[in-house]
Amino acid sequence: MKIRLFESPSLRLALVLSSALATGAATAWGNHTVASYRAFETMPEVASAPAVQVETLEAFLKAQEKPVEDLLKAQETWAVANITAYPPRPAALAFKADAGRSDEARRLAFFNALRIAADSRFALFYEVDAAAPTDGLVFLRHVDVSTLPGLPNAPKRFVAVKAGDPISPLKVLASAAYEPDYGLDINVWDDSPTDWGKTYGFGKLPFGNPKLNFSTQAPFHMGFYYEDKILYLAAPFLKRTFPMLRANQYAGLAALAFRTGHTYWGWRFTGLALHYVQDLTQPYHANLSPGTSTLALLWTNALSMAGFPKMREETVTLLSNRHLALENYQGRALQQASTPGNTMASGERLLKALGNLAADAQYPAWSETYLKDVVAKESYDSGPRLAKTLVETLPAGYVSDPTFDFGSQDGGIDLVTVLAKQESVKRDQLDASLVELLTRFGAHSRNAVRGILKAAGK
């Protein structure tokens with residue numbers, strides 16, 4: 001899909017480029033759940049953890065009202081002090097303990113204090129592992145779990161659970177790792193077509209089209225922390241990206257839930273926090289335009305402002321196509337590699353990369369700024385090299401033809417099948433890049449879990 005933008009006359013290029021990235025946010029870095037199953041099935045703290053009892057969100061909030069109030073207050077203070085361009089939460093939205101209100105009112109107050117979509121589902125469910133049998137299972141509808149439509153290249157199989165049911169932490173964690181893409185960050189801006197967005201105080205959507213729901217979640221799923229200072233001067237709205245906010249909110253809630261015996265929500269909030277960590281392992285979520293120099297961006301912008309927009313439009317299309325093509329291949333490759341009877345030649349390499357525990361120790365311990373200092377920096381630095389690999393290995397019609405719109409065709413394209421017909425050298429080169437990215441995905445996810453468990457005293 002192509003995104004039609006609202007445009008600032010002086011900042012047109014940077015705005016368009018960041019909005020092209022918002023197109024890719026809709027594809028959710030392939031499939032967080034499949035990748036998380038593979039990343040954590042080798043980690044004893046998760047894979048060997050005892051089953052937990054399912055609990056409703058309302059039950060957790062009712063039991064821990066005052067601790068939740070204190071935690072969210074402390075998190076707001078931290079965000080104001082540590083997140084660049086952070087818009088403080090309106091005082092009226094602060095979560096206040098009130099034992100007399102209804103479960104529904106308490107739940108809404110919690111959503112308002114986090115400033116997430118007021119219609120978020122938070123259903124009781126798990127997503128079936130691609131490697132697991134499905135005999136006898138009854139599946140939920142996508143709409144029961146998500147306020148957003150399903151994506152054609154991300155097959156989802158949701159199973160309902162109820163309060164009191166036993167469930168493995170691995171299922172809870174892997175399923176929740178995708179959950180922020182089920183509508184939690186949609187339409188929370190002043191110019192969003194929702195009542196809650198107009199009260200949350202985030203300001204107008206910094207980039208993208210406020211009329212397109214997927215576009216409105218992008219500033220929470222991308223982090224542009226390392227762009228050239230000239231770009232920030234020209235386009236200060238690029239600093240208004242908030243994955244650190246979400247990761248910190250859910251990590252803190254997870255630690256609280258673990259400490260207070262609500263282990264189900266400890267794992268589930270951990271999975272929610274992981275989503276933002278995992279998103280930033282994708283270079284196109286941390287680098288405004290991988291492989292394009294600042295000078296080239298400014299020149300393209302100058303031409304567009306002078307009445308020659310063709311180069312701008314072509315740059316946007318190519319950037320979006322490469323972003324989407326990478327996620328198309330990653331998502332389908334992991335799904336196929338995880339499915340019993342897999343015949344994908346490189347499948348085992350990809351799965352081993354995700355579960356490579358030896359990679360974890362090369363990074364520092366988890367901290368409140370790990371997402372920015374470690375994950376985003378690594379992704380930003382590797383962006384140009386990845387863009388070069390995509391151009392060299394994928395069919396030119398998909399990644400080098402500015403007249404082709406990958407987004408409008410994504411559902412009908414299977415790059416795993418396409419590449420299987422190409423020379424093995426190109427497939428191996430692309431797979432080597434994917435192995436590198438998936439190794440980071442697994443390592444950073446596990447380090448985040450270790451940090452949360454440590455904060456919980458586990």
Side-chain angles (χ1 to χ4, degrees), residues 29-55 60 124-133 157-159 161 165-181 246-248 250-281 334 337-338 350-367 370-371 374-375 438-458:
W29 193 195
N31 189 323
H32 289 262
T33 295
V34 172
S36 294
Y37 270 118
R38 305 288 78 81
F40 289 106
E41 65 188 359
T42 60
M43 184 182 183
E45 296 94 323
V46 177
S48 299
V52 299
Q53 282 194 337
V54 174
E55 180 185 27
F60 165 71
L124 297 181
F125 76 100
Y126 74 89
E127 183 178 344
V128 181
D129 183 0
R157 300 175 297 174
F158 303 123
V159 177
V161 294
D165 285 351
I167 189 171
S168 73
L170 178 59
K171 285 182 179 178
V172 179
L173 189 64
S175 301
Y178 205 128
E179 198 169 359
D181 278 334
R246 292 292 189 242
N248 186 63
Y250 293 127
L253 285 163
L256 170 63
F258 279 128
R259 284 195 302 270
T260 55
H262 299 269
T263 315
Y264 171 80
W265 280 102
W267 290 115
R268 187 151 174 187
F269 283 133
T270 297
L272 293 173
L274 288 181
H275 182 94
Y276 303 91
V277 177
Q278 294 169 352
D279 265 356
L280 267 292
T281 66
L334 286 183
S338 295
L350 303 182
L351 302 187
K352 286 183 176 179
L354 281 165
N356 181 9
L357 291 171
D360 304 4
Q362 67 181 297
Y363 299 106
W366 173 260
S367 70
Y370 184 103
L371 180 63
V374 181
V375 183
L438 294 179
T439 299
R440 299 175 189 168
F441 184 107
H444 294 315
S445 296
R446 289 185 294 270
N447 283 342
V449 168
R450 291 187 184 98
I452 290 169
L453 292 175
K454 181 178 180 181
K458 297 291 184 181

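- Side-chain atoms of Thr263 do not come within 3.5 Å of backbone N or O of Gly266 as any donor-acceptor pair.
- Distance alone, capped at 3.5 Å, places no donor-acceptor pair between the Ser338 side chain and the Ala131 backbone.
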Tell me, with the steps shown, if Asp279 and Arg246 meet side chain to side chain contact (heavy atoms under 4.5 Å, CB included).
CA-CA 12 Å; Asp279 265 356; Arg246 292 292 189 242; over 6 Å; no
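- The two atoms that bring Thr42 and Ala39 nearest to each other are OG1-O, 3.6 Å, heavy atoms only.
- Classification of the Tyr370-Tyr363 ring pair by plane angle, with boundaries at 30° and 60°, yields perpendicular.
- What you find for Ala255 and Ala455 is that their closest heavy atoms are CB-CB, 4.1 Å.
- Closest of all the heavy-atom pairs between Pro180 and Ala177 is CD-O, 4.2 Å.
- Between Val374 and Pro364 the shortest heavy-atom distance is CG2-CG, 3.7 Å.
- At least one side-chain heavy atom of Phe40 sits under 4.5 Å from a side-chain heavy atom of Val449.
- Scanning all heavy atoms of the two residues, the minimum distance from Val52 to Pro169 falls at CG1-CG, 4.3 Å.
- Atom CH2 of Trp267 and atom OG of Ser168 lie 10.0 Å apart (nearest 0.5 Å).
- Between atom NZ of residue Lys352 and atom OG1 of residue Thr439 there is a gap of 12.0 Å, rounded to the nearest 0.5 Å.
- With rounding to the nearest 0.5 angstrom, the CG atom of Leu371 is 11.0 Å from the CD atom of Gln278.
- Note that CG of Asp181 and CG of Asn31 are 10.0 Å apart. Values are rounded to the nearest 0.5 Å.
- Each of Phe258, Tyr264, Phe269 was scored for a ring pair (Phe, Tyr, Trp, His ring centres under 6.0 Å) with Phe60, with one residue passing: Phe269.
- Not counting sequence neighbours, the partners of Arg450 by the side-chain contact (heavy atoms from CB on, under 4.5 Å) test are Met43, Glu45, Leu357, Asp360, Arg446, Asn447.
- Taking the side chain to side chain donor-acceptor pair (under 3.5 Å) definition, one finds that Thr270 meets it with nothing, sequence neighbours left out.
- Here the CG atom belonging to Leu351 is positioned 9.0 Å from the CG atom belonging to Leu438, to the nearest 0.5 angstrom.
- Ring orientation note: the planes of Phe441 and His32 are tilted relative to one another, at an angle of 30° to 60°.
- When all heavy atoms of Ala273 and Ile452 are compared, the closest pair comes out as CB-CD1, 4.5 Å.
- Panel note: side chain Arg268, backbone Val54; no donor-acceptor pair is recorded below 3.5 Å.
- For the pair Lys171 and Tyr126, the cation-pi criterion (under 6.0 Å, within 45° of the ring axis) is fulfilled.
- Residues Leu253 and Leu272 form no side-chain contact, since every pair of their non-hydrogen atoms from C-beta on lies 4.5 Å or further apart.
- Looking at Asp129 and Arg38, a side-chain N of the basic residue comes within less than 4.0 Å of a carboxylate O on the acidic one, giving a salt bridge.
- To the nearest 0.5 Å, atoms CH2 (Trp366) and NZ (Lys454) are separated by 13.5 Å.
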From CA spacing to verdict: side chain to side chain contact (heavy atoms under 4.5 Å, CB included), Leu173, Val46
CA-CA 9 Å; Leu173 189 64; Val46 177; 3.9 Å; yes
